[in-house]
Amino acid sequence: MHRKDWRSCLITDILTYHPGPVEQFRLGRTHSGSREPLRDSWFQILAQKSVYQIELDFPSFHRRQDLPASLLACETLRTLSLSNCRLPDAAAAPFNFLHLTDLSLCCMDLTEEVISSILSGCPALARLSLIHNFPVPRIRIRSRRLLTMTVRGNWIGELIIEDAEKLTRLVLDRSEPKTSLKIINAPMINTVEY
């Protein structure tokens with residue numbers, strides 16, 4: 001058995017025999033080509049074991065990894081951090097994480113539609129971080145629970161805070177090109193770092 005196969009089998013066994021719930025699962029900076037079926041099975045197990053926090057950080061020097069569809073079944077998630085992966089089409093596989101409070105998206109291809117789908121499918125979302133993502137012409141924020149939004153190293157043409165009644169803090173990285181910021185409804189905002 002190859003060394004990588006041994007590690008994959010060990011992770012599968014640990015997840016299988018863990019009684020649950022699982023506090024945190026982190027898959028970081030690994031070559032995953034041969035493990036694709038295993039990774040999907042890991043998220044099937046995690047969904048059954050009530051996982052609370054997942055961090056996926058794939059190598060940036062490879063093509064972006066497709067987000068395992070079984071991750072979307074992890075309904076107990078509170079914290080999700082995704083880096084260098086590809087989200088499913090918002091219409092085909094909507095985010096429905098009712099308990100998710102923290103979301104970080106890094107080095108990903110995002111669209112206004114995907115961000116809108118995420119916000120509508122995560123009603124408890126309190127903290128959103130968009131870090132080093134690829135160009136998005138416009139982002140509209142509509143979220144009744146969002147408290148903090150951080151945008152660093154992205155190119156966003158226009159950021160519109162349409163309806164974020166509990167948003168108190170907005171952080172925009174100064175190093176990004178001029179982003180047009182429009183705040184329509186954010187009555188509780190007290191900090192804007194721009």
Side-chain angles (χ1 to χ4, degrees), residues 24-33 35-36 39 43 51-69 71-72 74 77-90 92-95 97 100-122 124-143 145-162 164 167-183 186 189 191-194:
Q24 179 180 21
F25 178 77
R26 181 172 187 244
L27 181 60
R29 301 261 176 219
T30 183
H31 298 283
S32 61
R35 289 192 220 170
E36 193 73 39
R39 187 176 331 116
F43 292 107
V51 63
Y52 296 128
Q53 181 176 349
I54 292 178
E55 181 178 341
L56 301 179
D57 186 3
F58 297 109
S60 59
F61 50 88
H62 284 277
R63 67 174 177 81
R64 286 191 169 59
Q65 299 291 312
D66 290 324
L67 187 67
L71 173 66
L72 299 176
C74 296
L77 273 177
R78 305 286 191 271
T79 302
L80 179 60
S81 178
L82 303 174
S83 181
N84 291 306
C85 56
R86 209 174 10 253
L87 294 169
D89 178 22
F95 270 56
F97 297 119
L100 190 71
T101 59
D102 293 271
L103 177 62
S104 176
L105 302 174
C106 179
C107 301
M108 299 178 63
D109 295 317
L110 299 174
T111 65
E112 182 177 356
E113 293 78 19
V114 167
I115 293 170
S116 178
S117 174
I118 289 169
L119 291 173
S120 65
C122 303
L125 192 65
R127 285 166 291 285
L128 174 62
S129 295
L130 303 174
I131 312 295
H132 298 293
N133 294 294
F134 294 94
V136 181
R138 179 183 303 116
I139 295 177
R140 295 176 190 274
I141 301 299
R142 292 180 207 98
S143 174
R145 301 271 180 135
L146 192 64
L147 299 173
T148 303
M149 182 174 177
T150 302
V151 181
R152 295 194 191 278
N154 300 278
W155 186 92
I156 299 171
E158 186 176 23
L159 177 60
I160 304 168
I161 310 297
E162 283 190 353
L167 184 69
T168 59
R169 185 167 190 244
L170 175 62
V171 178
L172 296 174
D173 189 351
R174 290 177 171 254
S175 68
E176 54 189 90
K178 282 283 188 200
T179 296
S180 170
L181 173 63
K182 185 185 291 186
I183 300 174
I189 198 161
T191 304
V192 178
E193 295 177 30
Y194 193 52

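Reckoned from all heavy atoms, side chains included, excluding hydrogens, waters and symmetry mates. Worth saying up front: this structure is predicted, and the values here are computed from it rather than measured. Numbers here are sequence positions counted from 1.
Between the OG atom of S81 and the CD1 atom of I131 there is a distance of 9.5 Å, given to the nearest 0.5 Å. Here L27 contributes atom CG and F43 contributes atom CZ; the two are 6.0 Å apart, rounded to the nearest 0.5 Å. Here the straight-line distance linking atom CD1 of I118 with atom CG of L128 works out to 7.5 Å at 0.5 Å rounding. Residue L56 holds its CG atom at 9.0 Å from OG of S83, rounded to the nearest 0.5 Å. Note: Q24 CD to Y52 OH = 14.0 Å, rounded to the nearest 0.5 Å. A distance of 8.0 Å separates CG of L103 from OG of S129, quoted to the nearest 0.5 Å.
Closest heavy-atom contact between S116 and R142: OG-NH1, 4.1 Å. Of all heavy-atom pairs spanning V171 and R152, the tightest one is CG1-NH2, 3.5 Å. Closest approach of C107 to F134, counting heavy atoms only: C-CE1, 4.1 Å. Between L119 and S143, the shortest heavy-atom distance links the atoms CD2-CB, 4.3 Å. Heavy atoms only, all atoms of each residue included: M108 and C85 are closest at CE-O, 3.2 Å. Looking at every heavy atom in both residues, C74 comes nearest to I54 through SG-CD1, 4.1 Å.
Formation of a donor-acceptor pair under 3.5 Å by the T101 side chain with backbone atoms of L125 is not found in this model. The closest donor-acceptor contact from the side chain of N133 to the backbone of L105 lies under 3.5 Å.
Using a 4.5 Å cut-off on side-chain heavy atoms (C-beta onward), L170 and T150 make no contact. Between L167 and L147, every side-chain heavy-atom pair lies at or beyond the 4.5 Å cut-off. Annotation: side chain of T191 is not in contact with side chain of T168 (no heavy-atom distance under 4.5 Å). Residues R169 and E193 have side chains in contact (heavy-atom distance under 4.5 Å, counting atoms from C-beta outward).
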Determine, step by step, whether I139 and I141 satisfy the side chain to side chain contact (heavy atoms under 4.5 Å, CB included) criterion, reporting the C-alpha distance in whole Å, the side-chain angles of both residues, the deciding distance to 0.1 Å, and the verdict. CA-CA 6 Å; I139 295 177; I141 301 299; 3.6 Å; yes

Would D102 and L80 count as a side chain to side chain contact (heavy atoms under 4.5 Å, CB included) here? Give the steps. CA-CA 6 Å; D102 293 271; L80 179 60; over 6 Å; no

Would M149 and L159 satisfy side chain to side chain contact (heavy atoms under 4.5 Å, CB included), going step by step from the backbone distance to the final call? CA-CA 11 Å; M149 182 174 177; L159 177 60; 4.0 Å; yes

Hey, mind stepping through D57 and L82 against side chain to side chain contact (heavy atoms under 4.5 Å, CB included) and telling me if it holds? CA-CA 6 Å; D57 186 3; L82 303 174; over 6 Å; no

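The list of salt bridge (charged side-chain N to carboxylate O under 4.0 Å, His left out) pairs with a residue in residues 128-140, not counting sequence neighbours, reads E112-R138, E112-R140, R138-E158, R140-E162.
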